[in-house]
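Report on one structure; see the data block that follows.
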Amino acid sequence: MVQNDDSAEWNTDDDLYFEIDNFQSSPKSSSPLVTSLDHMFATLVDMGFSDDMIARAIQENGEPFLYVNEYICLFSFNVIVNDFAGPNAETSAIIDTISKYSMNCEPSSSKSKTIDHFLAMGFDEEKIIKAIHKLGEENMEEIANALLSSEADTSPMMKEEDNMDWSDSDDEMKYSDLLSSDDEKDQDSLYSCNPLSSLVKMGFSELEASLAIERCGDSVSIADLADFICAAHIAREFDEFHIDPEEQKPRQDIKKRRKEPRPSANNQPLHLPNPMIGFGVPNEAVFITHRSLPALARAPPYFYYENVACAPTGVWETISSHLYDVLPDFVDSKFICAAARKRGYVHNLPISNRYQIQPAPKLTIQEALSHTRKWWPAWDTRTKLNCILTVHASAQTTKRIRLELEAHTGEPSEATKRYVIEQCRRWNLVWVGKNKVAPLDADEIESLLGFPKYHTRGGGISNTDRLKSLGNSFQVDTVAYHLSVLKPLFPDGISVLSLFTGIGGGEVALHHLKIPMKTVVSVEISEGNRNILRDFWDQTNQRGEFIEFEDVQDLTRDKIVELMKRFGGFDLVIGGSPCNNLAGGNRVSRSGLEGEQSSLFFEFCRILEVVRETTMEMRRS
DNA sequence: TAGATGATGATCCCTGGC
DNA sequence: GCCAGGGATCATCATCTA
């Protein structure tokens with residue numbers, strides 16, 4: 001079982017990380033733990049249950065699991081924490097759970113979902129069905145590989161960056177694969193005669209091919225047209241693929257409720273997915289493991305950009321177009337922790353084999369803030385907090401609520417309940433006593449956002465600034481989930497260029513993932529935030545080199561080149577530029593990407609481009 | 001003077017009704 | 001398909017207070 005004990009803080013549980021780390025770095029070891037788990041897993045597979053069902057059943061019975069490398073590793077925390085209690089102790093309960101899944105499973109729903117998924121990617125239905133029949137519908141990745149292989153002759157640009165052998169530790173090999181652009185040129189010349197017929201031959205429908213040509217113009221390459229169609233497929237998957245099968249209805253029954261978004265420069269409107277789980281979150285059984293990354297985005301280094309999802313119309317289209325047309329991974333952190341945080345992440349990271357750092361965050365307010373549980377009235381049914389902002393409720397607000405509640409001797413009136421709930425939602429209030437609500441304090445926010453306890457405490461930063469910095473930060477568990485794919489790629493450590501570092505959410509995520517940081521060049525305007533990160537660096541005994549800059553504009557081309565030559569380049573450029581002019585909470589200057597602060601996004605693009613160019617030059621020489 | 005407090009809408013999206 | 005209503009949102013700024 002995952003420990004409920006609050007003492008299991010990130011910063012004090014190094015032993016636990018050590019065990020996880022060892023387990024992941026040698027997944028094929030013959031330790032009793034792995035042997036037993038492998039045996040149980042193999043036995044259940046032999047019994048005809050799918051990997052997914054087994055994993056879900058084990059999770060439901062209290063055994064979290066991790067996706068490691070190319071296969072699922074079952075992982076028992078009580079084994080580690082309590083010195084191997086034995087995975088077989090709950091095997092019968094797990095089998096019972098799987099049996100229920102099997103009995104309750106609607107074959108058509110899951111299979112149609114798998115078929116729909118690959119249909120949306122443009123594969124032939126007959127081939128999909130054959131692949132599912134041969135490999136099992138739950139083996140999404142193998143099905144995708146099989147389909148890609150079968151399509152290779154007719155659809156060369158469908159090769160996926162995720163199909164690379166990530167276990168290969170030779171970075172040069174991986175990047176050379178990424179950098180290979182000759183294939184792109186060849187395929188363009190191959191299909192340059194008639195774009196429409198070429199796209200149809202590649203398996204796209206005539207309608208979507210002609211639509212792509214109409215949208216993009218007939219002068220663009222076949223590869224770009226194919227990328228456009230694939231991008232549209234993925235965007236559609238955001239809206240449809242993740243819908244609960246129980247709620248999924250025929251397309252003609254879905255009411256069109258949204259206004260048509262303003263088209264972007266490349267005529268590609270972006271939708272926020274509902275539910276907002278992007279390419280997948282840890283607790284969802286279904287997630288996308290492959291995507292078509294535009295050729296331009298495949299060049300090193302890896303980049304990871306974050307900002308608020310609910311930005312003014314057209315902003316994400318602009319961001320995407322400036323970051324090599326990579327589609328944002330829109331994720332609401334409420335699927336990963338107890339607080340909502342709707343963010344868009346544009347990155348060129350692989351998306352398969354992600355895993356969550358353990359122990360996983362608590363998913364409900366009552367679990368995450370257990371000290372509030374006994375005061376929580378039954379009529380306040382909230383289980384998730386709203387987004388943690390930079391401002392919090394005034395004492396007047398909580399006083400008004402207390403007086404309103406104290407006016408009733410028993411159960412409050414319905415009007416009072418409505419008022420209190422509305423205020424609680426608006427200001428993210430939690431129950432701290434009888435008739436007493438309070439805003440979250442900084443310590444609680446640190447915990448909810450996945451930071452080590454007291455991460456922002458001390459160092460001369462005021463409480464107000466502490467709350468402001470936290471409100472502007474990453475949700476560490478969400479970012480760590482995305483960055484987890486880097487773990488097998490950089491076993492010897494990673495060099496990071498961290499822009500708009502804030503209080504170091506990216507660095508904390510890498511530390512939690514136990515990815516050694518060889519170099520961190522950090523750029524952060526706030527002195528208080530720089531102090532916080534420097535303290536973190538010292539307190540966690542980092543051995544790498546740590547360099548700070550105050551302003552992104554100090555990172556001139558010459559400076560970047562100098563730093564890259566000194567450190568051998570950067571493996572990851574990470575950052576979330578200011579959202580001040582994008583955030584809904586801004587009543588004064590929500591002026592979009594052209595705003596005073598948010599226009600710094602273009603500095604992120606400038607610096608990333610210099611790093612990419614310099615990386616190319618360094619690899620050529 | 002630094003830090004804390006409290007009042008200040010706009011925008012986007014979803015829901016539900018017609 | 002349209003529209004009104006409501007919920008949610010990495011905030012800003014003037015004023016107060018110690």
Side-chain angles (χ1 to χ4, degrees), chain A residues 238-239 243 247 252-262 269-276 305-317 330-334 339-345 382 384-400 418-419 421-428 439-442 445 448-449 451 456 460-476 478-479 500-503 505-506 524-529 575-592 595-598 600-601:
Chain A
F238 276 139
D239 283 336
I243 293 172
E247 298 171 6
Q252 58 269 28
D253 291 340
I254 300 173
K255 288 185 177 181
K256 188 181 178 184
R257 297 186 177 113
R258 292 188 201 146
K259 285 187 289 185
E260 200 59 38
R262 187 194 308 162
L270 288 172
H271 298 271
L272 294 179
N274 184 18
M276 195 180 281
Y305 175 80
E306 179 259 16
N307 216 318
V308 291
C310 300
T313 310
V315 163
W316 275 106
E317 285 81 353
F330 288 115
V331 178
D332 186 343
S333 293
K334 75 176 183 181
R341 202 164 189 81
K342 298 185 180 75
R343 295 291 179 271
Y345 305 88
R382 289 177 300 155
K384 301 281 184 184
L385 291 160
N386 278 333
C387 184
I388 291 164
L389 306 177
T390 59
V391 290
H392 57 275
S394 65
Q396 294 300 316
T397 302
T398 55
K399 184 180 176 184
R400 277 196 294 268
R418 272 198 304 275
Y419 166 72
I421 293 291
E422 188 262 331
Q423 290 294 309
C424 286
R425 287 184 191 278
R426 182 177 177 187
W427 294 109
N428 253 349
L440 298 163
D441 66 30
I445 294 173
L448 287 162
L449 292 176
F451 285 95
T456 58
I461 185 172
S462 71
N463 192 52
T464 305
D465 284 345
R466 202 178 161 201
L467 291 168
K468 188 178 176 185
S469 293
L470 284 162
N472 283 322
S473 73
F474 286 170
Q475 205 290 325
V476 171
T478 308
V479 173
F500 315 104
T501 304
I503 56 175
E524 170 55 38
I525 195 84
S526 158
E527 184 184 357
N529 288 346
S577 61
C579 65
N580 309 38
N581 310 116
L582 310 180
N586 189 341
R587 304 169 183 206
V588 179
S589 55
R590 197 185 187 194
S591 45
E596 186 182 351
Q597 288 86 20
S598 294
L600 289 169
F601 159 71

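The figures that follow rest on heavy atoms only: side chains count, while hydrogens, waters and symmetry mates do not. Chain identifiers are assigned alphabetically (A, B, ...) following the order of the sequence lines, protein sequences preceding nucleic acid strands; residue numbering begins at 1 within each chain.
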(request) For side-chain hydrogen bond (donor to acceptor under 3.5 Å, both in side chains), just list the numbers for A:Thr478 and A:Ser333, CA-CA rounded to whole Å, side-chain angles, deciding distance to a tenth of an Å, and then say yes or no. (result) CA-CA 6 Å; A:Thr478 308; A:Ser333 293; 2.7 Å; yes
Where the side chain of [X] is concerned, which of [options] is the nearest nucleotide?
X	options	answer
A:Asn307	B:dG9, C:dC10, B:dT5	C:dC10
A:Gln396	B:dG3, C:dC10, B:dG6	B:dG6
A:Thr313	B:dT8, B:dC12, B:dG6	B:dC12
A:Asn274	B:dC14, C:dC10, C:dT12	B:dC14

(message) Which is more 5' along DNA chain C, the nucleotide nearest A:Asn581 or the one nearest A:Arg590? Just name the residue.
(response)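 Of the two residues, A:Arg590 wins.
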Any N/O pairs under 3.5 Å between the protein and nucleotides 15-17 of chain C? List them or say none.
none

(request) Tell me, please, which residues at least two apart from A:Asn580 pass side-chain hydrogen bond (donor to acceptor under 3.5 Å, both in side chains). (result)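 Applying side-chain hydrogen bond (donor to acceptor under 3.5 Å, both in side chains) to A:Asn580 gives none.
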(request) Spell out yes or no: do the side chain of A:Arg343 and the base of C:dC10 have one donor N/O and one acceptor N/O closer than 3.5 Å? (result)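 Present.
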(message) Would you measure the distance from the P atom in C:dC10 across to the matching atom in B:dA7 and give it in whole Å?
(response)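 Pairwise P distance, C:dC10 against B:dA7, rounds to 22 Å.
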(message) Assuming nearest nucleotide by heavy-atom distance, tell me which of A:Arg400 and A:Gly460 is located more 5' along DNA chain B.
(response)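 It is A:Gly460 whose nearest nucleotide is closer to the 5' end.
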(message) Judged by each residue's nearest nucleotide on DNA chain B, which is more toward the 5′ side, A:Pro312 or A:Val391?
(response)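 In this pair, the answer is A:Val391.
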(request) Both distances under 3.5 Å, Watson-Crick or G-U wobble: on that basis, could you give the dot-bracket string for DNA chain C, with [ ] for crossing pairs and | for other-strand partners? (result) |||||||||.||||||||
